[in-house]
Number of protein chains: 2
Amino acid sequence: MKMSEGVEWTAHACTLLAALPPGVGLPAAALAEFHYLAPAYMAKHMQALARAGVVESVRGAGGGYRLAKPASEITLWEIVEAIEGVEPTFRCTEIRAQGPCPGSDFRKPCEITSVFRKAETAWRAELKSVSLADIAAEVGRKATPARRAQLTQWLQEQLG
Amino acid sequence: MKMSEGVEWTAHACTLLAALPPGVGLPAAALAEFHYLAPAYMAKHMQALARAGVVESVRGAGGGYRLAKPASEITLWEIVEAIEGVEPTFRCTEIRAQGPCPGSDFRKPCEITSVFRKAETAWRAELKSVSLADIAAEVGRKATPARRAQLTQWLQEQLG
DNA sequence: GATATCGTACTCGGATATACATTGTCCGAGTGGTGACGG
DNA sequence: CCGTCACCACTCGGACAATGTATATCCGAGTACGATATC
């Protein structure tokens, strides 16, 4: 049970977008280059985020992706949801209903499913409690002056 | 990010084993038949549980699988761990270290990884808090008399 | 009749195919900017 | 000199291939039970 690496890619990409002035974006190629990632595959993942309403896409020259709402209103869970989907990790196929001694009450989920549901709820709650603004702020706080300057220069090259 | 269906299969199989008298087991074929599952594939999953020390295997006629320790000491997490492995779902590949503006401090995990680590810890904690004995007790409590009789008869057929 | 030995049936264990999902790439659709042309 | 139009470069979007993992199966290794032959 492993998470798609697209989650890591887009989470870092969105963190970068969160550091930009409001309304300003970057093309997928630039987001990929920032971490030396495959441009085409990064573009594919960004599409998923656009469909989910996490980012907005702007076509044409000077276009790209930008956050669809304030970074403080975007949680890590939204990104996971956009890439991985909303399906629970544990999918109960009700095997208890089959076999020579089938269970009786199918209106309620089986005990095993209940535990997994509860565990996954706790997992999601943690991811929902952290916003992109939180992450961006933490990253910015730890950055050295040299890194800040490097980032500023790179952004100027990208934004023109 | 979906969990292997082997987790569901083996979790239900172990719940059945937990309902048996201590020291008594069932062959993989019987565990599969109990829920109409593919016998060969069920056997493969039970092997994983045996390697992890959750169950013991007994070869030869009259052999099979039985719990390796009391059901109260086996958690759902152990079963997940045996089937899925201990690898975290979110694997940080440190992409922040690459690209034109690499991060500075690599001794500490990045902020995004930290959040996922915390979330997964919460998830595992829930699974570790429930034992097979808890599940078996709950299943037994909800069972109707008819179902109990059906189960007893089936077990007698299997155990001789 | 008791005991040792062989054979047989049963079960686990790992090696081996197959199906499906994820990963990765490409080309067409759409859009804004830019330059040329005409008024 | 200004406005309009057409072209072009740029970017997203979805369709299409390659790879890896999970799924599914089979055959060999090992063990207990039972039958048989011998003492």
Side-chain angles (χ1 to χ4, degrees), chain A residues 1-10 13 17 24-33 35-66 68 80 82-85 87 89-91 93 95 157-160, chain B residues 1-10 13 17 24-33 35-66 68 80 82-85 87 89-91 93 95 157-160:
Chain A
M1 186 182 58
K2 58 185 184 184
M3 190 175 292
S4 166
E5 61 185 2
V7 173
E8 183 183 13
W9 292 22
T10 53
L17 289 178
V24 177
L26 283 172
L31 294 174
E33 189 206 322
H35 292 115
Y36 285 162
L37 302 173
Y41 197 25
M42 171 61 96
K44 184 178 178 62
H45 286 312
M46 293 307 293
Q47 288 173 29
L49 260 65
R51 274 192 295 271
V54 175
V55 298
E56 287 174 343
S57 64
V58 180
R59 279 188 164 182
Y65 290 99
R66 66 185 179 205
V80 174
I83 301 294
E84 296 283 341
E87 282 284 298
T89 59
F90 180 86
R91 293 147 301 151
T93 56
I95 61 173
E157 287 174 12
Q158 300 299 323
L159 298 172
Chain B
M1 187 183 57
K2 59 185 183 185
M3 191 174 292
S4 167
E5 62 185 1
V7 172
E8 183 183 13
W9 291 23
T10 54
L17 289 179
V24 177
L26 283 173
L31 294 173
E33 190 205 322
H35 292 115
Y36 285 161
L37 303 173
Y41 197 26
M42 171 60 96
K44 183 176 181 63
H45 285 313
M46 293 307 293
Q47 289 172 28
L49 259 64
R51 273 192 298 270
V54 175
V55 299
E56 287 173 344
S57 65
V58 179
R59 279 188 164 182
Y65 290 99
R66 65 185 179 203
V80 174
I83 302 293
E84 295 283 340
E87 282 284 299
T89 59
F90 180 85
R91 293 147 301 151
T93 56
I95 62 174
E157 286 174 11
Q158 300 299 322
L159 299 172

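All chains are named by letter (A, B, ...) in the order of the sequence lines, taking the proteins before the strands, and each is independently numbered beginning at 1.
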Asker: Does any donor atom in the side chain of B/E5 or A/T93 lie under 3.5 Å from an acceptor atom in the other side chain?
Answerer: no
Asker: How would you summarise protein contacts on nucleotides 5-21 of chain D per nucleotide, using B for base, S for sugar-phosphate only and - for none, with heavy-atom distances below 4.0 Å?
Answerer: -----BSBBBB-----S
Asker: Take the protein atom CE of A/M1 and the nucleotide atom P of C/dT22, then report the distance between them rounded to whole Å.
Answerer: 13 Å
Asker: Test of understanding: with ring-ring contact (aromatic ring centres under 6.0 Å, His included), list the residues that count as partners of A/F90, not counting sequence neighbours.
Answerer: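 If we apply the ring-ring contact (aromatic ring centres under 6.0 Å, His included) test to A/F90, skipping adjacent residues, the hits are A/F116.
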Asker: For the pair made of CE in A/M3 and C1' in C/dA21, what is the distance, rounded to whole Å?
Answerer: 16 Å
Asker: Can you name the residues that form a side-chain contact (heavy atoms from CB on, under 4.5 Å) with B/R59, not counting sequence neighbours?
Answerer: none
Asker: Quick one: side-chain contact (heavy atoms from CB on, under 4.5 Å) partners of A/T89, sequence neighbours excluded?
Answerer: A/M1, A/E120, B/M1, B/M3
Asker: Under the side-chain contact (heavy atoms from CB on, under 4.5 Å) test, which residues partner A/Q158, sequence neighbours left out?
Answerer: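 Per chain and number, A/Q158 pairs via side-chain contact (heavy atoms from CB on, under 4.5 Å) with A/L26, A/A30, A/E33, A/W154.
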Asker: Send over the distance from B/E56 CD to D/dT31 P, rounded to a whole Å.
Answerer: 15 Å
Asker: Just to verify, what does A/V24 make a side-chain contact (heavy atoms from CB on, under 4.5 Å) with, not counting sequence neighbours?
Answerer: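 If we apply the side-chain contact (heavy atoms from CB on, under 4.5 Å) test to A/V24, skipping adjacent residues, the hits are A/L20, A/P21, A/L159.
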Asker: In whole Å, I'd like the distance from the NE2 atom of B/H45 to the P atom of D/dA24.
Answerer: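 In whole Å, D/dA24 P lies 8 Å from B/H45 NE2.
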Asker: In whole angstrom, what separates B/M42's CE from C/dT11's C1'?
Answerer: 15 Å
Asker: Which whole-number value in Å describes the distance from B/E84 CD to D/dA22 P?
Answerer: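 One finds 7 Å between P of D/dA22 and CD of B/E84, rounded.
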Asker: Calculate the interatomic distance between B/L49 atom CG and C/dG13 atom C1'; express it in whole Å.
Answerer: 15 Å
Asker: Rounded to the nearest angstrom, tell me the gap between atom OH in B/Y41 and atom P in D/dA22.
Answerer: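 Answer to the nearest Å: 9 Å.
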